[in-house]
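Reminder, nothing fancy here: chain letters follow the sequence lines and each chain counts from 1.
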Number of protein chains: 2
Amino acid sequence: MTTTLGVRAQQKEKTRRALIDAAFSQLSADKSFSSLSLREVSREAGIAPTSFYRHFSDMNELGLTMVDEAGLTLRQLMRQARERIASGGSVIQTSVATFMEFIENNSNVFRLLLRERSGTSAAFRSAVYRENQHFIAELSDYLCRANGTSLENARIEADALVTIVFNAGAEALDLDNEKRAELAIRTKKQLRLVAKGAMLLNRKS
Amino acid sequence: MTTTLGVRAQQKEKTRRALIDAAFSQLSADKSFSSLSLREVSREAGIAPTSFYRHFSDMNELGLTMVDEAGLTLRQLMRQARERIASGGSVIQTSVATFMEFIENNSNVFRLLLRERSGTSAAFRSAVYRENQHFIAELSDYLCRANGTSLENARIEADALVTIVFNAGAEALDLDNEKRAELAIRTKKQLRLVAKGAMLLNRKS
DNA sequence: AAAATCAGCGTACACTTGTAAGCTTAAATA
DNA sequence: TATTTAAGCTTACAAGTGTACGCTGATTTT
């Protein structure tokens, strides 16, 4: 059921979005979420500092909202990748390419996840952790079904794969296109390493 | 040649140390380097805020010094691990155990590296990157010698191994002892996955 | 039509921050 | 011994921060 919003609620939603967008747009290589101030964000969103509180009790609350949105964006991306794979692409090639595209097009979104994963707020850290687990769970399912691995082993493999890809993404942020291409090649080799190792160990047991 | 320091230079060195120690001791799960202020650090070190400038031109300069020290600590740790391995320990078991001990005993030092790796200062990021490359280079050498792998393949393998261990360390920070033990087991399995995969792929070529 | 709600505003306050300027005083140098 | 050097201090200031308080005016509810 989608409730039709009144004029007032619509406007409120709009400002809320403006705040979120303002915060995202202020993120950069040189500016992390924790270095944003309530006043800066409000200014960028075009409202008075004190009006901020009509939408979020805290910068923290805004931040958590942003992490959720970032996770959502990332999962949507995964779905796209799976579609491409289903229609005949190589798993590793497609996954890495998709991820790298994501980082190129949404670097600030990725930076948020990357930084808050080891940030100073436990709530943030566990929010990012949850998103990561989502990611791993979906990949585990896939591996289970595709390779007939036990779920436990698939979890371990998936975790390693995601770790490597995520890390490569982090590294890519500071590289130019040429170096990124090299990184992508190396990353694919590493993923194959893990996949081969998993195959081998699964046959044994 | 070790120059004997005059009384004055000795005192200066002492305060410099006090500043570095103060900064390290203020780091915690809830407080990152970038959230430290020059005044806080100076206060903790027992000097006036303006005296800070007699030692560092900047909080940035202090931070880079800290990253270097952290990297040094980590490399010392690696040497210990190699000694233990040389005297008959399992490579993977020993490495993971040593690393986990490091994180337990020096969590704030590790946190510094972890956070600044994706922080807002390019100088910091590349400093941490350098330390990481050191780490990987030493491991590559080891793998080369131990397994007769080509240096290129060893680099790729070492990179994957370090990524996985480093990531596990990051995860360990938020876990209790029980969960940490589980994590250690999982991490070892993942390292074996990579090692097996590398063996397999090296035989082929 | 009257009353209640509430998003957004302006003002205000108490803090913290980085850092400039100039002084003191003990150590180093000549 | 006389002079220079420099680590550390005090004072001072401008800039930025989070947020409390109370008002306004349009929308919503009664």
Side-chain angles (χ1 to χ4, degrees), chain A residues 1-23 25-28 30-66 116 119-121 123-124, chain B residues 1-23 25-28 30-66 116 119-121 123-124:
Chain A
M1 192 202 76
T2 311
T3 310
T4 304
L5 297 173
V7 177
R8 192 175 210 152
Q10 258 177 24
Q11 179 52 41
K12 178 163 188 183
E13 189 54 34
K14 209 169 152 190
T15 333
R16 187 186 144 97
R17 259 259 68 82
L19 281 169
I20 296 172
D21 291 345
S25 86
Q26 300 213 0
L27 293 180
S28 73
D30 311 313
K31 196 131 197 169
S32 69
F33 177 78
S34 64
S35 70
L36 293 183
S37 78
L38 183 152
R39 290 177 102 111
E40 263 179 316
V41 173
S42 306
R43 205 179 307 133
E44 172 99 7
I47 63 169
T50 48
S51 301
F52 180 95
Y53 297 105
R54 302 288 183 200
H55 303 274
F56 302 98
S57 72
D58 224 37
M59 279 294 284
N60 255 2
E61 206 176 291
L62 169 57
L64 288 173
T65 305
M66 290 168 73
E116 298 312 325
T120 53
S121 152
F124 276 48
Chain B
M1 192 204 76
T2 312
T3 311
T4 305
L5 297 174
V7 177
R8 192 174 208 153
Q10 260 177 23
Q11 180 52 41
K12 179 162 187 183
E13 188 53 35
K14 211 170 149 189
T15 1
R16 188 186 142 96
R17 260 259 69 82
L19 281 168
I20 296 172
D21 292 345
S25 85
Q26 301 212 2
L27 294 180
S28 72
D30 312 313
K31 196 132 198 170
S32 70
F33 177 78
S34 63
S35 71
L36 292 183
S37 77
L38 183 153
R39 290 179 102 110
E40 263 179 317
V41 172
S42 306
R43 205 178 305 132
E44 171 98 6
I47 63 169
T50 47
S51 300
F52 179 96
Y53 296 104
R54 303 287 184 202
H55 302 274
F56 303 99
S57 72
D58 223 39
M59 278 293 286
N60 254 4
E61 205 176 292
L62 168 58
L64 288 173
T65 305
M66 290 169 72
E116 298 312 324
T120 52
S121 153
F124 276 47

Taking any heavy-atom pair under 4.0 Å as a contact, classify A:Arg43: base, sugar-phosphate, or nothing.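 Answer is sugar-phosphate: A:Arg43 comes under 4.0 Å of backbone atoms only.
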Taking atom [atom2] of [N] as reference, at what distance in whole Å does atom [atom1] of [X] sit?
| X | N | atom1 | atom2 | answer |
| --- | --- | --- | --- | --- |
| B:Met59 | C:dT16 | CE | P | 17 Å |
| A:Leu62 | D:dT19 | CG | P | 13 Å |
| A:Asp58 | D:dG18 | CG | P | 10 Å |
| A:Leu38 | C:dG8 | CG | P | 14 Å |
| A:Glu61 | D:dG18 | CD | P | 15 Å |
| B:Arg16 | D:dG8 | CZ | C1' | 17 Å |
| B:Phe52 | D:dA7 | CZ | P | 14 Å |
| B:Arg54 | C:dT19 | CZ | P | 15 Å |

Is there a side-chain contact between [X] and the phosphate of [N], meaning an N or O under 4.0 Å from OP1 or OP2?
| X | N | result |
| --- | --- | --- |
| B:Thr15 | D:dG8 | yes |
| B:Ser37 | C:dT17 | yes |
| B:Thr50 | D:dC9 | no |

Can you find a pair of side-chain heavy atoms, one from B:Gln11 and one from B:Val7, that are under 4.5 Å apart?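 Result no, sub-4.5 Å side-chain heavy-atom pair not found.
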Tell me whether the side-chain N or O atoms of A:Arg39 pair up with the base of D:dG16 as donor and acceptor below 3.5 Å, since no angle test is needed here.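 Not at all, since no donor on one side and acceptor on the other fall under 3.5 Å apart.
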Spatial distance of atom [atom1] ([X]) from atom [atom2] ([Y]) [nearest 0.5 Å]:
| X | Y | atom1 | atom2 | answer |
| --- | --- | --- | --- | --- |
| B:Arg54 | B:Ile47 | CZ | CD1 | 10.5 Å |
| A:Phe33 | A:Asn60 | CZ | CG | 6.5 Å |
| A:Arg43 | A:Ser37 | CZ | OG | 6.0 Å |

Sugar-phosphate atoms are those with a prime plus P, OP1 and OP2; base atoms are the rest. Using that split, label each nucleotide of nucleotides 25-30 of chain C B, S or - for protein heavy atoms under 4.0 Å, 5' to 3'. -BBS--
For A:Lys31, does its backbone N or O pair with a side-chain atom of A:Ser35 as donor and acceptor, under 3.5 Å?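 Pair absent, no side-chain N/O of A:Ser35 close to backbone of A:Lys31.
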Tell me which of B:Gln11 and A:Tyr53 sits closer to the 5' end of DNA chain D, going by the nucleotide each one is nearest to.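 The residue mapped nearer the 5' terminus is B:Gln11.
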State, to 0.1 Å, how close A:Gln26 and A:Glu40 come at their nearest heavy-atom pair, and which atoms those are.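 Looks like NE2-O, 3.5 Å.
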Minimum heavy-atom separation for B:Leu38 to B:Met59, with atom names?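 B:Leu38 and B:Met59 have their closest heavy atoms at CA-SD, 3.7 Å.
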